Amino acid sequence: MSTITEAKVIVSSPGRNFVTLKITTSDGVVGWGDATLNGRELAVASYLRDHVCPLLVGRDPARIEDTWSYLYKGAYWRRGPVTMTAIAAVDVALWDIKGKVAGLPVYELLGGRAREGATVYGHAAGADVPELLDDVARFRDEGYLAVRAQAGLAGVPGVYGLGHGGEVYDPADAALPEEQAWSTPEYLDQAPKYLAAVRDAIGPTVHLLHDVHHRLSPNEAARFGRSVEELNLFWMEDPTPAEHQEGFRLIRSRTTTPIAVGEILNSIWDVQHLITEQLIDYVRTSVSHAGGITHLRRIFNLAELYQVRTGSHGATDLSPVSLSAAVHLDVTVPNFGIQEYMAHMRLTHEVFRPGYRFADGMLVPSDAPGLGVEVDEAAAERFPYDPKYLPVARRLDGSVHDW
Ligand code: GCO
Ligand code: MG
């Protein structure tokens with residue numbers, strides 16, 4: 001029997017921080033997992049190094065379900081982003097190994113392709129409407145069929161979604177959390193207007209998405225959803241903080257604007273009522289924060305029963321390893337909706353070389369065995385960990401708001 005001989009955690013910062021798990025088997029097969037939890041990276045690195053890696057050595061890498069249950073039930077303490085990201089990294093690395101051993105891409109092990117590729121949406125943003133429209137046009141020129149639009153709000157400095165002129169937008173870009181301003185009245189006034197300008201520019205059928213980023217109460221979110229109904233958004237994302245699943249019933253009952261939720265949730269239990277009571281349209285849990293392919297597939301399968309579609313988180317804080325895993329899963333599930341795709345920066349690709357490619361508005365998985373992603377460990381050493389935090393939002397009166 002093949003056994004796991006080594007499990008190694010690599011923390012590196014090629015343009016931004018990533019925590020990567022490398023599992024090696026007695027047959028010399030290597031599998032890669034992503035354990036990145038933006039702004040809390042070292043907590044997961046320690047969870048893996050100190051509490052998980054020692055348990056992996058000697059185990060059969062083929063027993064993915066058993067290892068998943070062993071780590072989840074065996075910890076006694078369940079769920080939560082740190083635990084579920086750590087388990088996800090192990091799970092994804094084991095799927096990578098299984099594919100390499102079988103000589104098949106992971107999507108074949110998951111039942112085979114149900115579509116040619118995963119349609120993705122890109123992130124267009126601008127400090128004001130003209131800048132936003134230029135950025136939207138850039139994505140359309142590159143071949144995107146779906147675009148997320150975020151713009152600055154006049155009178156409110158530093159809202160979510162705007163870069164600081166870097167190669168890609170990365171909200172975790174300060175050694176200590178940056179404090180950004182927030183005004184719900186300005187947002188409710190200005191956002192529908194800039195979204196209307198985008199809809200006007202792109203015509204009626206290109207998919208238009210928007211991330212509210214947890215900023216509204218359920219009632220405010222219902223009002224927002226109504227005010228953009230005629231713009232036919234593909235979705236409004238995270239309209240209200242997701243902990244209160246019941247809050248979505250109020251939004252749901254008052255607007256037909258589709259709702260997407262889940263990037264900060266990490267288990268099937270966190271989305272259970274959202275799905276079974278059809279309070280949302282898209283579930284955004286990710287392969288790297290929701291327990292890996294094994295657990296995310298369960299969430300997607302549950303969602304299928306209730307006509308909820310998938311729309312996984314895919315910001316650049318998910319490494320190319322988890323994006324590869326996401327695309328392999330996306331092309332197999334019947335209820336796929338869309339995949340978020342923020343292309344990684346050039347430096348990131350000095351360490352990670354993914355096999356997926358962008359074509360016809362989709363990410364198409366590689367046909368190589370496993371996940372088809374290579375990781376250059378020597379290159380990773382050139383980019384040591386660089387502490388970075390996500391921002392904090394404050395209302396104009398100085399009180400803390402959901403970021
Ligand atoms: C998105 C997300 C991200 C998050 C980021 C936090 O929809 O892409 O909201 O931009 O803010 O992943 O680490
Ligand atoms: Mg989001």
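Throughout, numbering of the chain's residues begins at 1 and tracks the sequence. As the structure is a prediction and not an experimental result, all values here were calculated from the model. Read the numbers this way: they start at 1 and go in the same order the structure lists the ligands and their atoms.
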### Query
Below 6.0 angstrom between ring centroids: does that apply to His214 and Trp403?
no

### Query
Under a heavy-atom criterion of less than 4.0 Å, does Arg148 contact ligand 1?
yes

### Query
Does an N or O anywhere in His313 fall below 3.5 Å from an N or O of ligand 1?
yes

### Query
Can you find a heavy atom in the side chain of Trp95 that is under 4.5 Å from one in the side chain of Thr294?
yes

### Query
To the nearest 0.1 Å, how far is atom 11 (O) of ligand 1 from its closest protein heavy atom, and which atom is that?
His213 NE2, 2.8 Å

### Query
Would Phe18 and Phe352 count as a close aromatic pair, with their ring centres under 6.0 Å?
yes

#### Entry: Distance filter under 4.0 Å to Trp403 heavy atoms, resulting ligand 1 atoms
11 (O)

### Query
At under 4.0 Å between heavy atoms, which part of Leu390 makes contact with ligand 1: side chain, backbone, both or neither?
side chain

### Message
Show the atoms of ligand 1 that are less than 4.0 angstrom away from any heavy atom in Arg284.
### Response
1 (C), 7 (O)

### Query
Is Arg252 salt-bridged to Glu277, cutoff N-O under 4.0 Å?
no

### Query
Can you tell me which residue and heavy atom of the protein come closest to atom 8 (O) of ligand 1, and the distance to 0.1 Å?
Glu340 OE2, 2.4 Å

### Query
Any ion pair linking Arg249 and Glu246 (charged N to carboxylate O, less than 4.0 Å)?
yes

### Query
Would you call Asp135 and Arg138 a salt bridge, using N to O less than 4.0 angstrom?
yes

### Task
Go through ligand 1 atom by atom and flag the ones less than 4.0 Å from a non-hydrogen atom of His123.
8 (O)

### Task
Answer yes or no: does an N/O atom from Tyr169 fall short of 3.5 Å to an N/O atom of ligand 1?
no

### Task
Measure from NZ or CZ of Arg215 to the centre of the six-membered ring of Phe224 and say whether it is under 6.0 Å with the direction within 45° of the ring axis.
no

### Message
Between Tyr144 and Phe358, is the ring centroid distance below 6.0 Å?
### Response
yes

### Query
Should Tyr121 be counted as touching ligand 1, given the test is an N or O pair under 3.5 Å?
no

#### Entry: Nearest atoms (heavy-atom pairs only) where Thr316 meets Val168
CG2-CG2, 4.2 Å

#### Entry: Subset of ligand 1 atoms that lie under 4.0 Å from at least one heavy atom of Asp317
5 (C), 6 (C), 12 (O), 13 (O)

### Which of the ligand 1 atoms, numbered from 1, are nearer than 4.0 Å to a heavy atom of Glu237
1 (C), 7 (O)

### Any donor-acceptor pair under 3.5 Å from Gln278 side chain to Tyr306 backbone
yes

### Message
For the metal site, I want the angle between atom OE2 of Glu237 and atom OE1 of Glu263 with the Mg ion (ligand 2) at the apex, to 10°.
### Response
90°

### Task
Provide the number and element of each atom of ligand 1 under 4.0 Å from a heavy atom of Glu263.
1 (C), 2 (C), 3 (C), 4 (C), 7 (O), 9 (O)

### Message
Restricting to N, O or S atoms, which atom of Asp211 is closest to the Mg ion (ligand 2)?
### Response
OD2

### Summary
A student checking ligand 1 against Tyr160 at a 4.0 Å heavy-atom cut-off should list atoms 1 (C), 2 (C), 3 (C), 7 (O), 8 (O), 9 (O), 10 (O), 11 (O)

